[in-house]
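Have a look at the structure below before the remarks.
The structure presented is a predicted model; accordingly, all values stated were derived computationally and were not measured. Reminder, nothing fancy here: chain letters follow the sequence lines and each chain counts from 1.
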2 protein chains.
Amino acid sequence: MKQQRPTSLDIAALAGVSQTTVSRALAQSPLVSEDAKRRVLEAARALRYKVDVNARKLRSKKIHTLAVLISEDLDNSENPINPFFLPLIGSILKYAGQQGYDVLISLQQKSDEWGTDYGFSRRADGIIFLGCKDFQVYTHLFEYLNEVGDPWVVWGVNRLDCARLVIGSDNEAGGYMATRHLLDVGRRRIAFVGKHQPEHPEFRDRYRGYCRALTEAGVPIDDALRVDAFLAREDGVAGVDRLLDNNIPFDAVFCATDLLAMGAMQALHRRGLHVPNDVSVVGFDDLWVCSSLSPALTTIRQDTEAAARALIDGLSALIDDEPVLDTQMAPKLVIRESCGGLPGLMAAQ
Amino acid sequence: MKQQRPTSLDIAALAGVSQTTVSRALAQSPLVSEDAKRRVLEAARALRYKVDVNARKLRSKKIHTLAVLISEDLDNSENPINPFFLPLIGSILKYAGQQGYDVLISLQQKSDEWGTDYGFSRRADGIIFLGCKDFQVYTHLFEYLNEVGDPWVVWGVNRLDCARLVIGSDNEAGGYMATRHLLDVGRRRIAFVGKHQPEHPEFRDRYRGYCRALTEAGVPIDDALRVDAFLAREDGVAGVDRLLDNNIPFDAVFCATDLLAMGAMQALHRRGLHVPNDVSVVGFDDLWVCSSLSPALTTIRQDTEAAARALIDGLSALIDDEPVLDTQMAPKLVIRESCGGLPGLMAAQ
DNA sequence: TTGTATGCGTTATCAA
DNA sequence: TTGATAACGCATACAA
């Protein structure tokens, strides 16, 4: 029953012009008369003609498609994608659409071929990498892409040597702002829950900001207050449990992600500690849920809309062989209830 | 600097075979000798050869790509995508990958051309529609797709006349289970917050399940307890506020989505009502946050992994012109803290 | 089992 | 401003 797809030749015949003219007219070329253009468009509408993008992509250099490769950070199968990426993906889809790019999305596959298929098989003009996993895992892939000359951008991971372009938040500044806020509300024994190893540059930078704020305030850095944790809620629970089990005194927790902070608050609650009266908590990301938690979570906001623009503009520049600059977006402290103090007052300062 | 992409001809030359044999060998055709296959694969690896998918797609019938079109249900620009779709999208990406499909994702565009570009321009073999907006808006598009014979599936919207295939949850059963549970914990004045109009079949079905449970229990249906609301948190807040402002007594709220329920709980809390002591709350979806709220939200779980399989298997069948059946996934009641176990006091001002 | 020849539907390069 | 013609890189019918 499926009707035969009309081709540009059919349009040409109906409009009484050559196929070349059809192609030009549909591409809004200025080299075609208004009259011809009108007739072509009319014929195209009449036959419901749509360009076969595959033929176009085969013939032309750019294929106007971006690939987004997402690593499965969360191990539970329930929700393979880090919720922080939802608004980022949304913004990417929106902005990419505005720029005329199609967006191909894929989850990290275990296969060796993962990623190499994308650019080099001409599925996409460039690749955006999203994920917080240890990026050492990808070095092989990154080198491959570099060798064949496929453009790619990474979100978040600062100082990745092989990357021509990295877009991320200024995590050090974010860590500093969070810790500074905790100091401002009078906390001194501030625990850090998260990764601090160089393999996870974005989290390590948050930790560095934390250290800078403490040092600046004359508060000694106590490694007993540093809890290793990745990014999921359960890790946050485990982290706080460990602190309490080891009888390490603390009056605040800065978590490297909101998910960790949610877990931390849950654990504190279970142990009978009140947030923020007994312990203040700050997270990182500003997930949409933060305002619905009780207490509502004070956190560091990452601007995902600006991030999407920077990622796509940067990747576009790489694709077009234009110069690019790494960008660090400024994060923002969002004060809610989980730290105590008077939110209104603090915000005013 | 970008090196020239090798083609199958280069491989053929290096392997000492014809281009046809290369094509066959890479497609795992049984019509090629082990020896030739080995030489081809070796040459391909040596030259880092990757098929140009565009050429392949131009030549062959199937293009092994699915398009997912997401409507922007939430109007706030902060987060254009309904969070319920995150695990669904994750599962779709995972399963599609396993089945050898690429996945193209796009947000609803205002343009008339929205959607028609996908199948008919041969970007994808079929389209998956995700969204809770009034689907009347799409009738024009749906008819277009049907006329040109492009396969498409919708999530959630039962009884869409023009659809050849609909996959969704059994919303009526879900609504029934939720309401039944509220009755079981002793509630009688149960408000319904959500859409009940036929334009939103999935929500209307949840409302129908609600009515069935009430009727079955001999509880009269009171239209004063029915609050019109779409799906966002703010709508949940507004809904509960309206009930309270109008002095309508109620001891429970069944919300058509978890987002609504989160708003409802927030509003109740602000008004000094305790959940679940004064008012029980049940949501729908089982967002990942439900277990982190306080009180943790009792809700109806939709199985997104099974949904993704059903959507993709169904769409595959449509693509291959095989017979298909609409599917209603069984939802599941997830009991947490927001309903309490004991009959509470009636909340009236 | 292999190879030859052809075509998929465009865009790009010419010449008119 | 237009049109004929040649790619683009692969898959397939057909011949060997």
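- Aromatic rings of B/Tyr95 and B/Tyr101 (six-membered ring for Trp) have centroids beyond the 6.0 Å cut-off, not under it.
- The main-chain N or O of A/Leu69 is never found under 3.5 Å from a side-chain atom of A/Ser71 such that the two would form a donor-acceptor pair.
- Counting non-hydrogen atoms under 4.0 angstrom, B/Val22 reaches nothing in the nucleic acid.
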Detail all sub-3.5 Å separations between protein N/O atoms and N/O atoms belonging to nucleotides 12-15 of chain C.
none

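- Counting only distance, with no hydrogens or angles, the side chain of B/Arg122 and the backbone of A/Asp52 share no donor-acceptor pair below 3.5 Å.
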Go through it in stages, so that I can follow the logic: the residues are A/Thr21 and A/Ser18, the test is side-chain hydrogen bond (donor to acceptor under 3.5 Å, both in side chains), and I'd like the CA-CA distance, side-chain angles, deciding distance and then a yes or no. CA-CA 5 Å; A/Thr21 300; A/Ser18 73; 3.2 Å; yes
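- At a threshold of 4.0 angstrom between heavy atoms, the contacts of B/Ala36 are confined to the sugar-phosphate backbone, with no base atom among them.
- Rounded to an integer number of Å, the gap from B/Tyr49 OH to D/dC10 C1' is 7 Å.
- Minimum heavy-atom separation, A/Leu14 to A/Ala43: CD2-CB, 3.7 Å.
- Taking atom CG of A/Leu9 as the reference point, atom C1' of D/dT5 lies 13 Å away to the nearest angstrom.
- Look at NZ on B/Lys50: it is 16 Å from C1' on D/dC10, rounded to the nearest Å.
- Checked against the 6.0 Å centroid threshold, B/Trp152 and B/Phe129 count as a close aromatic pair.
- Spacing between atom CZ of A/Arg122 and atom C1' of C/dT10 amounts to 12 Å, rounded to whole angstrom units.
- Taking only side-chain nitrogens and oxygens, A/Thr21 never comes nearer than 4.0 Å to OP1 or OP2 of D/dT1.
- Comparing B/Val17 and A/Arg56 by the nucleotide of DNA chain C whose heavy atom lies nearest to each, the residue mapping closer to the 5' end is B/Val17.
- If you run side chain to side chain contact (heavy atoms under 4.5 Å, CB included) between A/Thr304 and each of A/Leu88, A/Ile89, A/Leu311, A/Ile92, only A/Leu88 comes through.
- For D/dG9, the OP1/OP2 oxygens have no side-chain nitrogen or oxygen of B/Thr7 closer than 4.0 Å.
- In this structure, B/Lys62 atom NZ and D/dA11 atom C1' are separated by 16 Å, rounded to whole Å.
- A salt bridge links A/Glu42 and A/Arg38; the closest N-O separation between the charged side-chain nitrogens and carboxylate oxygens is under 4.0 Å.
- In this structure, B/Leu31 atom CG and D/dA11 atom P are separated by 14 Å, rounded to whole Å.
- Using a distance-only test at 3.5 Å, with no hydrogens or angles considered, no donor-acceptor pair links the side chain of B/Ser29 to the main chain of B/Ala25.
- End-to-end axis angle of the helix from C/dT1-D/dA16 to C/dA16-D/dT1, from C1' rotation axes over five pairs per end: 30° (rounded to 10 degrees).
- Rounding to whole angstrom units, CG of residue A/Asp52 and P of D/dG9 are separated by 17 Å.
- Judged by distance alone, the side chain of A/Asp125 and the main-chain N or O of A/Leu66 form no donor-acceptor pair under 3.5 Å.
- For A/Val51, taking side-chain heavy atoms from C-beta onward, the closest of the listed nucleotides D/dT1, C/dC8, C/dT10 is C/dT10.
- Atom CD1 in B/Ile63 sits about 17 Å away from atom P in C/dC8, given to the nearest Å.
- Map B/Pro30 and B/Leu58 each onto its nearest nucleotide of DNA chain C; the residue landing nearer the 5' end is B/Pro30.
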